[in-house]
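Proteins get letters first, then strands, A, B, ... in listed order; numbering begins at 1 in each.
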Number of protein chains: 2
Amino acid sequence: MSDSHIQVTASIDPCGLDEHPDCGIRDVLTRVGDKWSVLVIVELASGIRRFRELQRGIDGISQRMLTLTVRRLERDGLVTRIVYPTVPAQVTYELTSLGSSLTHLVKQLADWSLEHRENIGHSRADYDAQHPAHEIH
Amino acid sequence: MSDSHIQVTASIDPCGLDEHPDCGIRDVLTRVGDKWSVLVIVELASGIRRFRELQRGIDGISQRMLTLTVRRLERDGLVTRIVYPTVPAQVTYELTSLGSSLTHLVKQLADWSLEHRENIGHSRADYDAQHPAHEIH
DNA sequence: CCGTATCCTACAAGATACTG
DNA sequence: CAGTATCTTGTAGGATACGG
């Protein structure tokens with residue numbers, strides 16, 4: 001019945017995720033999945049940026065959230081933060097090699113979502129049409 | 001200085017993400033990034049599952065959250081839900097081909113996080129040691 | 001310019017009880 | 001078994017004001 005999935009199974013669960021749900025993946029996924037991290041990573045993939053440049057490049061992000069996001073990325077070793085003791089202050093952000101290695105995966109997710117967004121959109125419309133009562137987001 | 005990033009730049013932003021932040025990627029990322037979706041996808045990558053089987057396979061998920069998660073995945077066309085009119089009720093869940101195509105990306109994220117988890121762990125420890133006052137998660 | 005400090009709200013998610 | 005229906009709570013994230 002499920003023979004076609006067995007190969008996938010063997011490789012999708014390299015760390016016994018079924019028994020150990022937190023082999024680190026949720027950690028990464030919550031980081032990648034939060035509202036701004038990926039956009040910051042994408043922005044930094046274009047090169048080194050200052051704080052204001054980042055904020056201008058990321059539509060809608062507040063100062064607070066940019067600070068928090070960029071600090072978490074720094075803490076995880078994905079981003080380097082350099083403070084120049086000038087007046088006024090000047091701070092630059094840049095992806096580390098670890099951060100850069102994530103951009104490839106992010107790019108694939110972006111490509112996937114781009115490729116299937118219409119598909120998903122139709123699916124949602126169909127579902128909503130057939131389940132008028134329910135409210136799901 | 002940033003010459004090494006130019007190639008990445010060209011491919012990381014296939015849809016002008018800088019100007020159009022919502023080309024669909026955030027949609028996908030918030031789905032992938034929520035607390036349970038990926039674990040459900042991983043579980044279903046092993047084959048067809050019933051509701052209870054899913055819940056037993058995913059440690060800590062509540063009935064409510066499993067229902068919500070699986071409904072959203074169904075709505076997005078990633079999962080097929082089949083209700084058998086038996087008594088008691090019997091419902092099965094299975095990945096669609098679209099859903100299966102996501103498992104590959106999820107697997108790569110899992111591999112990445114597995115490969116770099118120690119790295120990240122050390123980075124965090126270092127950061128926390130050097131910034132004793134701050135509390136970042 | 002680059003943040004920190006507060007305050008506030010919305011929503012994700014848990015706990016629990018009940019139903020076809 | 002496979003859900004719904006409530007109620008509650010934690011926390012992510014927004015708005016705003018101030019500081020080095």
S.K.: A/Ile61 has an atom CD1; how far is it from atom P of D/dA12, in whole Å?
M.R.: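 Going from CD1 in A/Ile61 over to P in D/dA12 covers 15 Å.
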S.K.: Checking A/Thr92 side chain against A/Arg50 main chain: does a donor-acceptor pair fall under 3.5 Å?
M.R.: no
S.K.: Nearest whole Å is fine: how far is D/dA12 P from A/Leu66 CG?
M.R.: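 Spelled out: CG on A/Leu66 to P on D/dA12 is 17 Å.
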S.K.: Classify the ring geometry of B/His131 against B/Tyr127: parallel below 30°, tilted from 30° to 60°, perpendicular beyond 60°.
M.R.: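 Parallel: the ring planes of B/His131 and B/Tyr127 meet at under 30°.
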S.K.: Rounded to whole Å, please give me the gap between CG in B/Leu39 and P in C/dA13.
M.R.: 12 Å
S.K.: With a 3.5 Å distance limit and no angle check, can you tell me whether B/Ser101 reaches the backbone of B/Leu98 through a side-chain donor-acceptor pair?
M.R.: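 Present.
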S.K.: How many whole angstroms separate atom CH2 of B/Trp36 from atom P of C/dC11?
M.R.: 22 Å
S.K.: Flag the pair B/Asp111 and B/Lys107 as a salt bridge only when some basic side-chain nitrogen lies within less than 4.0 angstrom of an acidic carboxylate oxygen.
M.R.: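 Yes, B/Asp111 and B/Lys107 are salt-bridged.
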S.K.: Rounded to whole angstroms, how far apart are CE on B/Met65 and P on C/dC11?
M.R.: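 It is 15 Å, rounded to the nearest whole Å.
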S.K.: Can you measure B/Leu68 atom CG to C/dA15 atom P for me and round it to whole angstrom units?
M.R.: 15 Å
S.K.: Between C/dC11 atom C1' and A/Lys35 atom NZ, what is the distance in whole Å?
M.R.: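 Interatomic distance, NZ of A/Lys35 to C1' of C/dC11: 11 Å.
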S.K.: Rounded to the nearest Å, what distance is computed from the CG atom of residue B/Asp34 to the P atom of nucleotide D/dG10?
M.R.: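 In whole Å, D/dG10 P lies 21 Å from B/Asp34 CG.
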S.K.: If only atom types and distance count, is the side chain of B/Thr69 paired as donor or acceptor with the main-chain N or O of B/Leu66 below 3.5 Å?
M.R.: no
S.K.: Could I get a table of every N or O pair under 3.5 Å where one atom is in the protein and the other is in nucleotides 1-4 of chain C?
M.R.:
{"unit_1": "C/dC1", "atom_1": "O3'", "unit_2": "A/Arg50", "atom_2": "NH2", "d": "3.2"}
{"unit_1": "C/dC2", "atom_1": "OP1", "unit_2": "A/Arg50", "atom_2": "NE", "d": "3.2"}
{"unit_1": "C/dC2", "atom_1": "OP1", "unit_2": "A/Arg50", "atom_2": "NH2", "d": "3.4"}
{"unit_1": "C/dC2", "atom_1": "OP2", "unit_2": "A/Arg52", "atom_2": "N", "d": "2.9"}
{"unit_1": "C/dG3", "atom_1": "OP1", "unit_2": "A/Arg81", "atom_2": "NE", "d": "3.4"}
{"unit_1": "C/dG3", "atom_1": "OP1", "unit_2": "A/Arg81", "atom_2": "NH2", "d": "2.5"}
{"unit_1": "C/dG3", "atom_1": "OP2", "unit_2": "A/Tyr93", "atom_2": "OH", "d": "2.5"}
{"unit_1": "C/dG3", "atom_1": "N7", "unit_2": "A/Gln63", "atom_2": "OE1", "d": "3.0"}
{"unit_1": "C/dG3", "atom_1": "N7", "unit_2": "A/Gln63", "atom_2": "NE2", "d": "3.0"}
{"unit_1": "C/dG3", "atom_1": "O6", "unit_2": "A/Gln63", "atom_2": "OE1", "d": "3.1"}
{"unit_1": "C/dT4", "atom_1": "OP1", "unit_2": "A/Arg71", "atom_2": "NH2", "d": "2.8"}

S.K.: Within the distance-only criterion (no hydrogens, no angle test), does the side chain of A/Ser123 pair as donor or acceptor with the backbone N or O of B/Arg75 below 3.5 angstrom?
M.R.: yes
